[in-house]
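Starting from 1, each residue takes its place in the sequence as its number.
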Amino acid sequence: MTGSAAEPNQPPAHQCLDWHEGDMPYSREFGDHFYCRTDGRLECGHVFLAGNGLPERWAAGGAFTVGELGFGTGLNFCETWRQWKAAATGGTLHFVSFERFPMQVEEISRALAHWPEINVERLALTDRWPATNDGRIEIDFGGGVRLTVVCGAALDGLGKATERFDAWFLDGFAPSRNPDMWSEELMRLVFDRTAPGGSFATYAAAGFVRRNLQATGFAVEKRKGFAGKREMLRGDKR
């Protein structure tokens, strides 16, 4: 969970981190942890994968594009890649994330080392993660899997995007900490860039987030949240 939609022309920056419980990154700028303190990997499965009907939707094969607001540590990408490989559909996966504050490789490695289940994916990601970037990171992992990280404000990056997304992981910091990442303007871009029949899922359930998503045209529904959280949101572009 990270990133901001404001100030679209500023170059990529690096945020200041604290580390809680050894390997849990905490953003000083946003005053929030990067994922659920119970278990971020299981949260990814419950909210983003199941919320978008994955991996069941991959069974059709073909090309599938995931969009994400907030790359953070890369946890969602690694868990999605792990489940993609397990599904063995023979299709292709393009994971496109919009991240204002790309982490350094040692920070990514430290955070993801918490989960041995994604160790293979962590090592592959950190081995290829660049020390610097020109605003866009492109990594081809082979096997039909590609990662694109668009560095900078999400509103600017998504406004220039040409991809059409089959599923969205809306994973900015909490709406109360980072309201720009959940604005109606940004949600309209998410809707516009979503393929017909595409979907979104998010851990967030704040009223203004739900209203902004509904205002764009998404059919929005509430589901039970993860680890005691009462609600989450998911929806479809019908």
Side-chain angles (χ1 to χ4, degrees), residues 1-3 23-25 34-36 39-99 102-130 133 136-151 154 157 161 163-172 193-195 198-203 226 234:
M1 303 176 189
T2 186
D23 53 15
M24 168 68 78
F34 277 71
Y35 33 73
C36 168
D39 192 312
R41 187 183 69 85
L42 295 181
E43 179 188 37
C44 172
H46 177 89
V47 174
F48 299 117
L49 290 161
N52 280 293
L54 308 176
E56 293 81 6
R57 287 171 63 195
W58 294 334
F64 197 93
T65 303
V66 173
E68 177 187 48
L69 297 185
F71 187 72
T73 65
L75 173 59
N76 291 336
F77 167 69
C78 287
E79 177 62 11
T80 301
W81 184 16
R82 184 188 72 82
Q83 294 206 28
W84 171 269
K85 289 187 292 186
T89 65
T92 62
L93 175 67
H94 188 193
F95 194 102
V96 183
S97 189
F98 299 84
E99 173 57 60
M103 282 188 169
Q104 300 298 312
V105 66
E106 61 272 12
E107 295 167 337
I108 291 173
S109 184
R110 178 176 178 178
L112 296 183
H114 179 80
W115 292 282
E117 297 89 346
I118 55 170
N119 195 51
V120 170
E121 293 76 19
R122 173 183 69 90
L123 292 174
L125 175 62
T126 55
D127 183 58
R128 295 164 175 81
W129 192 256
N133 69 79
R136 192 176 180 93
I137 297 169
E138 297 274 5
I139 305 175
D140 188 338
F141 292 95
V145 176
R146 287 191 298 138
L147 170 67
T148 299
V149 180
V150 182
C151 306
E163 294 87 359
R164 286 296 177 265
F165 298 93
D166 299 293
W168 279 98
F169 299 178
L170 304 182
D171 195 25
R193 301 299 190 272
T194 301
S199 63
F200 79 84
T202 178
Y203 70 91
F226 176 74
R234 69 156 314 278

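- Distance check: Arg146 CZ to Ile139 CD1 gives 12.0 Å after rounding to the nearest 0.5 Å.
- Of the possible donor and acceptor atoms, none in the side chain of Ser109 sits under 3.5 Å from a partner among the backbone N and O of Val105.
- A distance-only check finds a donor-acceptor pair linking the side chain of Arg57 to the backbone of Asp166 [under 3.5 Å].
- A salt bridge links Glu79 with Arg82: the distance from a Lys NZ or Arg NE/NH1/NH2 to an Asp or Glu carboxylate oxygen falls below 4.0 Å.
- Side chain of Asn52 to backbone of Phe48: a donor-acceptor contact under 3.5 angstrom is found.
- Counting all heavy atoms, side chain and backbone alike, Trp129 lies closest to Leu147 at CZ3-CD2, 4.4 Å.
- Taking all atoms of both residues into account, the shortest heavy-atom contact from Ala161 to Phe98 is CB-CZ, 4.2 Å.
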As a quick check of understanding, evaluate side-chain contact (heavy atoms from CB on, under 4.5 Å) for Gln83 and Leu54, giving each step before the final call.
CA-CA 9 Å; Gln83 294 206 28; Leu54 308 176; over 6 Å; no
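- Pairing each heavy atom of Thr194 with each of Ser199, the nearest pair is CG2-N, 4.1 Å.
- In this structure, the ring of Trp81 has its center no less than 6.0 angstrom from the ring center of Phe95.
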Using the rule given for side-chain contact (heavy atoms from CB on, under 4.5 Å), can you reason through Ile137 versus Phe71, listing the C-alpha separation, both sets of side-chain angles and the distance that settles it, and then say yes or no?
CA-CA 12 Å; Ile137 297 169; Phe71 187 72; over 6 Å; no
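- Scanning both residues, Asp140 and Arg128, for their nearest heavy atoms gives O-NE, 4.3 Å.
- With a 4.5 Å cut-off on side-chain heavy atoms, Asp39 and Trp115 count as touching.
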Set out, in order, the CA-CA distance, both residues' side-chain angles and the distance that settles side-chain contact (heavy atoms from CB on, under 4.5 Å) for Val149 and Asn133, then state yes or no.
CA-CA 10 Å; Val149 180; Asn133 69 79; over 6 Å; no
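- For Phe77 and Phe169, the ring centers sit 6.0 Å or farther from each other.
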side-chain contact (heavy atoms from CB on, under 4.5 Å), that's the test. Do Leu75 and Ile118 meet it? Break it down for me.
CA-CA 9 Å; Leu75 173 59; Ile118 55 170; 3.7 Å; yes
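- The main-chain N or O of Gly72 is found under 3.5 Å from a side-chain atom of Glu99 such that the two form a donor-acceptor pair.
- Legend: residues meeting side-chain hydrogen bond (donor to acceptor under 3.5 Å, both in side chains) with Glu121, ordered by chain and number and at least two apart, are Lys85.
- Note that the CG atom of Leu112 and the OG1 atom of Thr126 stand 8.0 Å from one another [nearest 0.5 Å].
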